[in-house]
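All values below come from the heavy atoms of this structure, side chains included, with hydrogens, waters and symmetry mates left out. All chains are named by letter (A, B, ...) in the order of the sequence lines, taking the proteins before the strands, and each is independently numbered beginning at 1. Bear in mind the structure is a predicted one, so any value in this text is a computation, not a measurement.
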There are 2 protein chains.
Amino acid sequence: MAIAPSANDLITRAAKLDAEDPLAHLRAEFDLDPDVVYLDGNSLGAPPRRVAARMDDVVRRQWGGRLIRSWSEGWWTAPERVGEKIAPLVGAAPGQVVVADSTSANIFKALVAAVRLAPEGRREIVVDAATFPTDGYIAHSVAEITGVRLRTATVDRLEAVLGERTAVVLLNHVDYRTGRLHDMAAITARVHAAGARMAWDLCHSVGVLPIGLDALGVDFAVGCTYKFLNGGPGAPAFLYVPSALQDGFDQPLSGWGGHRDPFAMDPEYQPASGITRARCGTPDILSLLALEAALEVWDGVDLAQVRAKGLSLTGFFTECVDTVLPPGTAEVLTPRGTDRGHQVSLRHPRAREAMAELIDRQVIGDFRAPDVLRFGFAPLYVGHTDAAHAALALADVLAKE
Amino acid sequence: MAIAPSANDLITRAAKLDAEDPLAHLRAEFDLDPDVVYLDGNSLGAPPRRVAARMDDVVRRQWGGRLIRSWSEGWWTAPERVGEKIAPLVGAAPGQVVVADSTSANIFKALVAAVRLAPEGRREIVVDAATFPTDGYIAHSVAEITGVRLRTATVDRLEAVLGERTAVVLLNHVDYRTGRLHDMAAITARVHAAGARMAWDLCHSVGVLPIGLDALGVDFAVGCTYKFLNGGPGAPAFLYVPSALQDGFDQPLSGWGGHRDPFAMDPEYQPASGITRARCGTPDILSLLALEAALEVWDGVDLAQVRAKGLSLTGFFTECVDTVLPPGTAEVLTPRGTDRGHQVSLRHPRAREAMAELIDRQVIGDFRAPDVLRFGFAPLYVGHTDAAHAALALADVLAKE
């Protein structure tokens, strides 16, 4: 395509920003086709190179060579061990994060436990009306099975439903559709002031910015590990329960993985002390250990730098879009302030077709029905040059429609 | 060690039986150290060779190369596709088996659904008093959260608790401790005659013998895939719901994976038709596709031959034990009739130490507290010579204690 002078300026600026990027060296940790501009790490993170070799070791040596012995050589305790690698990314002291099951299953555990912990009279669960669907589905199910009421509200109007009947509020830290980042500190404080528990879904914020679960006194948090943490497709999710709540954490998926002494084959369920009681069945080792390898990429990475680069990338991409798209072509849904995650969402009536065309051109973002184009910027492997190229490709695609 | 004449006879007979084994060629499908006698496939199956290569393809090409596109190129539908590979092993017509989550989570889904399906007045869940622990733990949790009563009984005395208040009976097809195989046809008929639903846990029987879920009208079945199916440590479990019950299958782990149109991002949960509604969250692709590769080993394998060989192996091992151990040394817990799975359990006061010593000698079985030695015989990769060597090693270990 022809490159306008303004486009050339953007590419020059991008190259300068990339040259100054303190995280640029991390791109080499990932196994990504250099011809691809990958902007869907908010949905599926790219594979860290070390994962393939680790999987080979797990299958051939740990499974094939050590066989059953591996269960006592690091497999059985992998959910807690891998949890400890996530803990610093969410501001949790040791012993409070476990990796097990899916985000949906962990929401089920947390919400049922929250309802059981609630003082008498607090018989309502509140969820964001714009929540990622699975959170709402599970909250509905928990309300049904525990006999409490489910209420929905927009995050900006929580006070409309928050009150003395609220047991727990479940919110997404970053809105999956718009990319808006909610104020965790302010909202947690407001929910606590109302006497309710706060549960955060961190799927779209873990690996995006420093999070302070302990510091803010958050009651429960869940998150997936296959977006900005790059754990692999459908990698197991995590669950955070602070130490102070663990003794009272009575979760219904009480499989043998959460038992105090699973190999005693006790006929009675005796929950383990600590975060282990949040486990359910036999841990899924291949996926867990792939995730463990993926998380090693975060060792020594400064989350403040990650956040600064993510804001720079998303801000620069938005600026590129403003510059190269004719005014009124696409609406930017993502906040232009710092209240955003590491994605930019654009609304366009032909979003579906435009994204298909971009993907054909090796610029990979995603589409969310009915009319949203999403571009995710994972600071560990995306640069400003990628952002500039994506915006130019988008302008070209939309100009041809 | 010195080999007695009787021992030589056993080894000679073993070699002859192995030479006549129609399944002997399958041993080459597995990545197992030739110096190891692996008799713990009832706990963790050995790795099929093709798994390592498949994992490499999944990580490098499907994840790294195709990235997010792989979700629509076979990942999202993997739970049902892999379920179809299990279906013939359990006697299920297509569309009734899905692979998702853990056995424990699937028991939770099935039991809650069973309670919800039960006619008014049927407010009791029955489990085997000797059940594998996690089944009992989850049944207890389901009873608590749904407000029904949990009753336990031995399988031989089910009539003591079975009646007009029974909603559902959950039993293990093979007892994990003794290796006893229960009569699925007779018990299912008895439970149905009492007007209750029958749920089978097939963890220790799938891949052991032909199972006829459809033919027997079983209502629900669950099972793990990491024992005789060799899916890998903690591989995802399966859930069977027959077509006739699917429309009424109302399970509480209603994540977006079970939605009719998950990518429509519908705020209301609308369960999919068919077995898909038994799914919960995002499927765990690395583990699922490792399992898919592992299941390919079963293509064209005759389950009747598997069963015949398993009975031969376990019978021969028991005979070896009878021959080489001084009388009264160890009690054989496993039935000597055909009412057994593919394991032999021996009781010995120093079982723990004896198994540790056996493992040091590369004869790998396992120990179950307080005093049980378990030896599993997976017909796809274990031979009669392995059985003879294991019995001889055991005799030697116990003679030295």
Side-chain angles (χ1 to χ4, degrees), chain A residues 31-33 38 40 43-44 46-47 51-52 55-56 59-60 63-65 67-71 75 101-105 108 133-134 136-138 140-141 145 224 232-236 252-256 259 263-267 269 280-287 290 359 364 366 368-369, chain B residues 31-33 38 40 43-44 46-47 51-52 55-56 59-60 63-65 67-71 75 101-105 108 133-134 136-138 140-141 145 224 232-236 252-256 259 263-267 269 280-287 290 359 364 366 368-369:
Chain A
D31 184 17
L32 262 176
D33 183 343
Y38 189 58
D40 210 6
S43 184
L44 174 68
V51 173
M55 277 295 90
D56 200 63
V59 173
R60 292 182 196 271
W63 177 13
L67 292 157
I68 193 73
R69 292 167 286 197
S70 283
W71 276 116
W75 283 358
D101 307 307
S102 63
T103 304
S104 301
F108 190 85
T134 211
Y137 303 161
I138 294 291
H140 178 86
S141 175
I145 206 165
C224 77
L253 297 181
S254 50
W256 76 315
H259 194 278
F263 296 97
M265 304 289 163
D266 183 354
Y269 184 72
C280 175
T282 306
D284 193 337
I285 295 301
L286 300 189
S287 295
I359 291 174
I364 303 179
D366 69 17
R368 284 291 175 258
Chain B
D31 184 17
L32 261 176
D33 183 342
Y38 190 58
D40 210 5
S43 183
L44 174 68
V51 172
M55 277 295 89
D56 200 64
V59 173
R60 293 181 196 270
W63 177 12
L67 292 157
I68 192 72
R69 293 166 287 197
S70 284
W71 276 115
W75 284 358
D101 307 308
S102 64
T103 304
S104 301
F108 190 84
T134 213
Y137 303 160
I138 294 290
H140 178 87
S141 175
I145 205 164
C224 76
L253 298 180
S254 49
W256 76 315
H259 194 278
F263 296 97
M265 303 288 163
D266 183 352
Y269 183 71
C280 175
T282 305
D284 193 337
I285 293 302
L286 300 189
S287 296
I359 292 173
I364 303 178
D366 69 17
R368 282 292 174 259

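- Residue contact with chain A, scored on non-hydrogen atoms closer than 4.5 Å, involves the backbone of B:Pro283 exclusively.
- The candidate with the highest count of non-hydrogen atom pairs below 4.5 Å against chain A, out of B:Ser43, B:Ser104, B:Gly136, B:Cys224, is B:Ser104.
- No other option in B:Leu44, B:Val59, B:Asp33 has as many heavy-atom pairs under 4.5 Å with chain A as B:Leu44.
- Taking both residues in full, the closest heavy atoms of A:Ala105 and B:Cys280 are given as N-SG, 4.1 Å, listed atom of the first, atom of the second, then distance.
- Taking the six-membered ring for Trp and thresholds of 30 and 60 degrees, B:His259 and A:Tyr137 have nearly parallel ring planes, at less than 30 degrees apart.
- Residue contact with chain A, scored on non-hydrogen atoms closer than 4.5 Å, involves the backbone and the side chain of B:Asp266 alike.
- Interface residue B:Asp284: backbone and side-chain heavy atoms are both found under 4.5 Å from chain A.
- Taking chain A as the reference chain and counting heavy-atom pairs below 4.5 Å, the highest number among B:Ala290, B:Ala46, B:Pro267 is found for B:Ala46.
- Annotation: maximal heavy-atom pairing with chain A below 4.5 Å, among B:Trp75, B:Tyr38, B:Trp71, B:Trp63, occurs at B:Trp63.
- With a 4.5 angstrom heavy-atom cutoff, B:Met265 touches chain A via backbone and side-chain atoms both.
- In this structure, the portions of B:Pro233 lying under 4.5 Å from any heavy atom of chain A include both its backbone and its side chain.
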What do the steps show when you test A:Thr282 against B:Thr134 for side chain to side chain contact (heavy atoms under 4.5 Å, CB included), and what is the final call?
-> CA-CA 10 Å; A:Thr282 306; B:Thr134 213; over 6 Å; no
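- The choice from B:Ile138, B:Ile364, B:Leu67, B:Ile359 that makes the most heavy-atom pairs within less than 4.5 Å of chain A is B:Leu67.
- Side chain of B:Ser141 to backbone of A:Leu253: no donor-acceptor contact under 3.5 angstrom is found.
- Closest heavy-atom contact between B:Ser287 and A:Leu286: OG-CB, 3.9 Å.
- Residue B:Thr103 does not touch chain A at all, counting heavy-atom pairs closer than 4.5 Å.
- Taking chain B as the reference chain and counting heavy-atom pairs below 4.5 Å, the highest number among A:Ala369, A:Gly232, A:Ala264 is found for A:Gly232.
- Taking chain A as the reference chain and counting heavy-atom pairs below 4.5 Å, the highest number among B:Gly281, B:Ser102, B:Pro252, B:Pro236 is found for B:Pro252.
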